[in-house]
Amino acid sequence: MPPTRSEIGQRGRIKGRELLMHFRTQAIEEIDVVAMAAEYDLDIRDGGLTGAEGRLTRGAKGGIIRIRADISEPRRRRFIVAHELGHFFLHPNTSALCAEKDLVKYDAGDGEAEANAFAAEVLMPRPLFEPFCNPARPSLHVVKRLADDFTTTLTATAIRFVDLTEEACAVVWSEAGRVKWSIPGRNFYPWVPFGRTLNTLSHAGDFFAGEPLPDNPCEVPGGAWVDGGGDLWEHSVYFQSLSAVFTLLWRPARGD
Amino acid sequence: MGRQKKDRDLVSALLELCEQHEPTDAEVDEELRAEGIDVPAFLARVDARVKEVQEDDRLALLRSAKEKAKARQAPPRSRLYDRMDHGALVAEYSKRQAANPQAATFHRNFDEMTDDDLRTLLEDQDELRED
């Protein structure tokens, strides 16, 4: 049986927790990944990289983390630094070149998923993040507030939220009318299949057909996203720079 | 009299008291009160100071790491490899890998690197070797 996402990420999460414990981190504002990198003789450099988001080059001690020069958004930079730190601690004989697609891998049984689990644990430590993961109604508004509090990207925060909430939630990334990837929470099933063509029952599908996206979560038939019944709540946003729609799905428990 | 001196005197007085005989907590409190000393306020000050020291100690590593990060300055790029074409860059990288097989370093997604990426990679390796 292939390992579950939880199993794949376990090593990354443990290493992330170890780093936080080493720095005796107790509050969000104490999470300074640039300082953490400096402590291990890792220099952060802007630019000198065009084919990827981030790169770790190791030396006998320490190393150099490069971030693509046009990535100015502080939250994305933080995630890239944390991800490369993950490679540094988890994959001792490896230098790493990390493309955008690597930064959203959570299921693949490779180093990228481990580095992402590490980054998520360091930037959104479970003890600090989990208490906010069970709101009355999950939505991207809730996720956005958390992303603001933790200075993290909306995507990484939503994935962490879906991972830790008791609610049946999933996140879906769509491009050109198709599901590029999806990540279900532990209570969300069936999975949203990769490559699925979006239909106009979903707001994301509507959007690719030329309709605007609603600002708030809306109820849609289950068939909009998965094979099988039961209604879902969909909250989608458009990332213009990436030409992608990012969706949070929530299946309310009966009676909600 | 400064608060610290006052506190020191108070601790001395307490120790002296203990040496004379083993008073009960109530006796100590009463004696100190009679001397005009506010015991709860004194204990609160001690408690606050202990917490302050503990917090300072807890954040010491982060503080020094922040200073380290601030002090780090990237040297200017050497540009040693600017004239090399793709083949020469890959050959140079492969040579380095072959020369140091124990390091067993390999690059994830190596094939996705542009020529400019390869140039900075070689420069970074040079710099890290000098360290």
Side-chain angles (χ1 to χ4, degrees), chain A residues 19-27 29-66 68-69 81 83-84 87 91-102 105 110-112 115, chain B residues 51 53-82 86 89-90 93-94 96-97 100-131:
Chain A
L19 182 68
L20 294 172
M21 280 165 70
H22 181 65
F23 278 90
R24 301 166 74 181
T25 307
Q26 287 181 6
E29 58 276 11
E30 293 165 15
I31 303 167
D32 184 337
V33 284
V34 173
M36 288 171 172
E39 180 60 21
Y40 293 92
D41 293 310
L42 287 161
D43 265 358
I44 316 289
R45 304 268 167 88
D46 282 316
L49 189 65
T50 52
E53 308 271 293
R55 181 179 74 199
L56 164 71
T57 306
R58 287 175 173 278
K61 87 178 167 87
I64 294 172
I65 291 172
R66 284 196 179 271
R68 212 176 66 208
V81 172
H83 175 97
E84 301 304 335
H87 281 304
H91 312 124
N93 294 321
T94 314
S95 288
L97 180 76
C98 302
E100 195 186 335
K101 65 179 188 304
D102 296 323
K105 274 187 187 169
D110 64 10
E112 300 306 330
Chain B
K51 278 190 182 135
V53 170
Q54 280 176 335
E55 193 65 355
D56 194 58
D57 178 58
R58 183 177 71 79
L59 293 171
L61 179 61
L62 181 63
R63 225 176 12 251
S64 89
K66 279 184 177 189
E67 277 160 23
K68 229 170 162 178
K70 221 185 273 175
R72 291 187 97 91
Q73 290 222 328
R77 283 184 57 185
S78 69
R79 306 249 169 221
L80 273 178
Y81 308 95
D82 278 9
H86 183 73
L89 291 165
V90 172
Y93 180 74
S94 306
R96 290 181 184 195
Q97 293 304 97
N100 191 9
Q102 289 92 343
T105 302
F106 70 94
H107 237 99
R108 304 185 72 79
N109 302 334
F110 179 78
D111 294 341
E112 290 173 26
M113 265 194 248
T114 64
D115 287 353
D116 281 339
D117 295 352
L118 282 166
R119 289 186 183 103
T120 55
L121 170 64
L122 295 172
E123 288 173 19
D124 289 352
Q125 285 184 331
D126 289 344
E127 189 188 326
L128 290 165
R129 233 177 357 207
E130 284 163 15
D131 278 352

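What you see is a predicted model, and the numbers here were worked out from it, not measured in a lab. Atom set for the values below is all heavy atoms of this structure, side chains included, hydrogens, waters and symmetry mates excluded. Every chain is numbered from 1, with letters handed out A, B, ... down the list of sequences.
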Exercise. Determine whether B:Leu62 and A:Glu39 make a side-chain contact, defined as any pair of heavy atoms from C-beta on separated by less than 4.5 Å.
Key: no

Quiz item: A:Arg55 side chain to B:Asp117 main-chain N or O, any donor-acceptor pair under 3.5 Å?
Solution: yes

Quiz item: Could you give the distance from CG (A:Leu49) to OG1 (B:Thr120), rounded to the nearest 0.5 Å?
Solution: 6.5 Å

Self-check item: Pairwise distance NZ(B:Lys68) to CG(A:Leu42) - rounded to 0.5 angstrom
Solution: 10.0 Å

Quiz prompt | Among A:Asp46, A:Ile44, A:Thr25, A:Asp43, residue most engaged with chain B (heavy-atom pairs, under 4.5 Å) | solution = A:Asp43

Quiz item: At their closest point, which heavy atom of B:Ala65 faces which heavy atom of A:Ala35, and how far apart are they?
Solution: CB-O, 3.3 Å

Self-check item: Presence of salt bridge, A:Arg45 and B:Glu127, under 4.0 angstrom
Solution: yes

Exercise. List for me each residue that meets side-chain contact (heavy atoms from CB on, under 4.5 Å) alongside A:Arg24, sequence neighbours excluded, and say none if there are none.
Key: B:Asp57, B:Arg58

Self-check item: Ionic contact status for A:Arg66 with B:Asp124, cut-off 4.0 Å
Solution: yes

Quiz item: Does the side chain of A:Thr57 reach to within under 4.5 Å of the side chain of B:Gln125, using non-hydrogen atoms?
Solution: yes

Quiz item: Mind checking what makes side-chain contact (heavy atoms from CB on, under 4.5 Å) contact with B:Pro76, not counting sequence neighbours?
Solution: none

